[in-house]
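Down below is the structure, laid out as structure tokens.
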Amino acid sequence: MCDRHGDYRVPDFTRFKPSRRRFLGGTAAALTLAVGPGLTSPAAAATGIRATHGTGFCNLNFFLAEAMQLAKDDGLTIDFVNTPTFSDQVTFLGMGQVDAGVMPYTSFMALYDAGAPVKIVAGGGIEGCVLVAQPGLDSPEKLKGKTLGTFQLDTLEVLPYDWLKKNGVAFKDLTVRYMGSTPEAVEAFRAGALDIISTIEPYGTALLTDVKGAVKLSDGTDIYGKGYTDCVLAVRNELIAKNPAAVKALIKGMMKAQALAEGDPQAALNKLVGSYYKTSMSNAQLAMGRQPSVVDARNQTQFILDRTDSVAEMGYIKKKPGRDAIDWTLLEQVIAENPDLYGKLKLKSA
């Protein structure tokens with residue numbers, strides 16, 4: 001499940017020079033979560049990572065690592081900054097106001113293209129994107145002239161673009177409506193205001209169940225294959241260069257979270273539902289299975305790079321990121337240094 005925000009444009013970070021005053025004055029709605037007892041000294045602050053995040057299940061390992069401070073044994077605290085919108089989440093990372101963030105790979109590409117010094121260092125969530133149509137719209141040809149509800153510069157926009165292209169229909173042949181949030185989009189589809197919706201689990205399955213005759217056009221696996229990436233962990237280059245141990249501690253903490261979540265899913269949800277996930281337990285249980293959070297995304301390298309073609313064709317980026325935009329070095333070091341932990345993970349790179 002992911003609460004996506006609407007219309008989004010990447011700022012020109014090369015022309016914006018943030019100051020502390022501007023940052024504090026412009027983010028009154030942001031909240032830094034309190035760190036644990038004894039971790040507020042200047043020395044401890046030097047080992048803290050400030051991070052932004054989305055709200056979906058691709059963030060589960062990130063959330064659990066913060067909730068349980070799973071990097072604390074390695075000298076790192078994880079502090080979340082909650083932003084009012086998804087655009088703010090991405091902007092904060094690009095401006096350098098936070099060190100790391102879990103986000104759709106499409107947003108990372110736009111940041112990278114805009115000149116932000118960031119790299120993908122680990123995985124976020126896999127699968128979970130669903131393209132659902134109203135009853136009777138059961139073939140690509142029937143979709144021409146229909147209205148699609150989606151989210152700009154998101155994996156949920158790239159999925160229908162790629163699916164339609166593969167099935168011989170141009171994206172421009174549809175009316176595309178960019179939505180404000182997932183609940184808004186879901187209710188618009190239920191009311192018949194949208195002919196097609198590109199959404200995330202558990203909403204896709206819920207709509208197929210609740211809207212009689214609704215059609216599942218794609219869940220992404222038909223065009224991307226099993227285990228395709230939705231979100232990634234992105235980190236600023238200066239943190240990688242100046243404090244690689246902190247990045248490794250973060251990755252290891254997320255790996256611990258994945259092992260805990262896979263070993264006892266209900267315990268993980270008990271920790272997160274209500275505080276991190278504003279949804280019912282039944283929806284959370286469904287979403288967790290439909291969109292697993294996976295740290296080791298090395299086998300998705302080419303998939304992520306291939307999607308740059310679509311994002312460029314859609315006009316969001318001018319220059320496609322190369323292989324140097326993705327750096328698995330620290331992830332691989334964590335894996336090599338923690339074979340027992342890595343061995344516990346059920347979902348990992350082949």
Side-chain angles (χ1 to χ4, degrees), residues 2 4 8 10 54 56 58 90 93-94 101-131 140 148 150-174 176 198-201 204 217-235 237 290-329 331-332 347-350:
C2 206
R4 314 277 182 148
Y8 170 68
V10 176
C58 57
V90 177
L93 181 62
V102 169
M103 64 185 62
Y105 61 79
T106 47
S107 303
F108 169 83
M109 291 177 192
L111 273 182
Y112 193 87
D113 181 66
V118 292
K119 287 188 186 296
I120 294 172
V121 298
I126 64 172
E127 300 185 14
C129 301
V130 190
L131 192 60
L148 165 70
T150 187
F151 302 89
Q152 193 169 32
L153 194 56
D154 196 291
T155 50
L156 292 179
E157 185 180 15
V158 176
L159 170 63
Y161 179 88
D162 286 345
W163 186 84
L164 289 165
K165 181 179 179 181
K166 183 175 181 180
N167 286 280
V169 178
F171 201 57
K172 63 181 178 61
D173 288 340
L174 278 69
V176 180
S198 185
T199 190
I200 206 80
E201 291 291 5
L217 298 173
S218 174
D219 63 3
T221 60
D222 54 325
I223 57 173
Y224 297 148
K226 290 287 186 180
Y228 68 87
T229 288
D230 177 34
C231 293
V232 294
L233 174 65
V235 174
N237 292 350
R290 301 282 184 175
Q291 190 183 38
S293 190
V294 182
V295 178
D296 184 6
R298 290 176 296 167
N299 64 351
Q300 291 296 297
T301 302
Q302 195 57 49
F303 170 80
I304 295 170
L305 294 176
D306 286 346
R307 300 286 72 69
T308 63
D309 294 334
S310 299
V311 178
E313 288 173 7
M314 297 170 80
Y316 287 126
I317 60 175
K318 297 177 181 178
K319 182 180 178 182
K320 295 187 293 184
R323 179 62 181 83
D324 59 346
I326 304 173
D327 187 353
W328 304 128
T329 303
L331 170 65
E332 290 174 338
L347 294 173
K348 50 195 174 184
S349 182

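What you see is a predicted model; the values in this text were computed from it and never measured.
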Would you mind writing out the side-chain donor-acceptor pairs for residues 108-124 within the sub-3.5 Å range, not counting sequence neighbours?
{"residue": "Tyr112", "atom": "OH", "partner": "Asp324", "partner atom": "OD1", "Å": "3.3"}
{"residue": "Asp113", "atom": "OD1", "partner": "Lys318", "partner atom": "N", "Å": "3.2"}
{"residue": "Asp113", "atom": "OD1", "partner": "Lys319", "partner atom": "N", "Å": "3.0"}
{"residue": "Asp113", "atom": "OD2", "partner": "Lys318", "partner atom": "N", "Å": "3.3"}
{"residue": "Lys119", "atom": "NZ", "partner": "Asp324", "partner atom": "O", "Å": "2.6"}

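In this structure, a donor-acceptor pair under 3.5 Å is absent between the side chains of Trp328 and Ser349.
Taking both residues in full, the closest heavy atoms of Ser198 and Pro160 are given as OG-CD, 3.6 Å, listed atom of the first, atom of the second, then distance. Across all their heavy atoms, Val232 and Tyr105 have their closest contact at CG2-CA, 4.2 Å.
With sequence neighbours excluded, the residues satisfying ring pair (Phe, Tyr, Trp, His ring centres under 6.0 Å) with Tyr224 are Tyr228, Phe303. Listed by chain and number, the residues in a side chain to side chain donor-acceptor pair (under 3.5 Å) with Asp309 are Lys320 (sequence neighbours excluded). By the side chain to side chain contact (heavy atoms under 4.5 Å, CB included) test, Asp306 is found to be paired with Gln302, residues two or more places apart in sequence or in another chain being considered. Under the salt bridge (Lys or Arg N to Asp or Glu O under 4.0 Å) criterion, Asp327 pairs with no residue, sequence neighbours left out.
In this structure the side chain of Glu127 never reaches within 4.5 angstrom of the side chain of Glu201, judged on heavy atoms. For the pair Leu305/Ile326, a side-chain contact is recorded, criterion being any heavy-atom separation below 4.5 Å from C-beta on. The shortest side-chain heavy-atom distance between Asn167 and Leu217 does not fall under the 4.5 Å cut-off. Contact of the Ser293 side chain with the Cys58 side chain is not registered, since no non-hydrogen atoms from C-beta on lie closer than 4.5 Å. By the 4.5 Å heavy-atom criterion applied to side chains, Val130 and Arg290 are not counted as neighbours. Counting heavy atoms from C-beta outward, Leu148 and Leu131 have side chains that approach closer than 4.5 Å.
Evaluation of the salt bridge (charged side-chain N to carboxylate O under 4.0 Å, His left out) test over residues 155-171, restricted to residues two or more places apart or in two chains, returns Asp162-Arg307, Lys165-Glu313.
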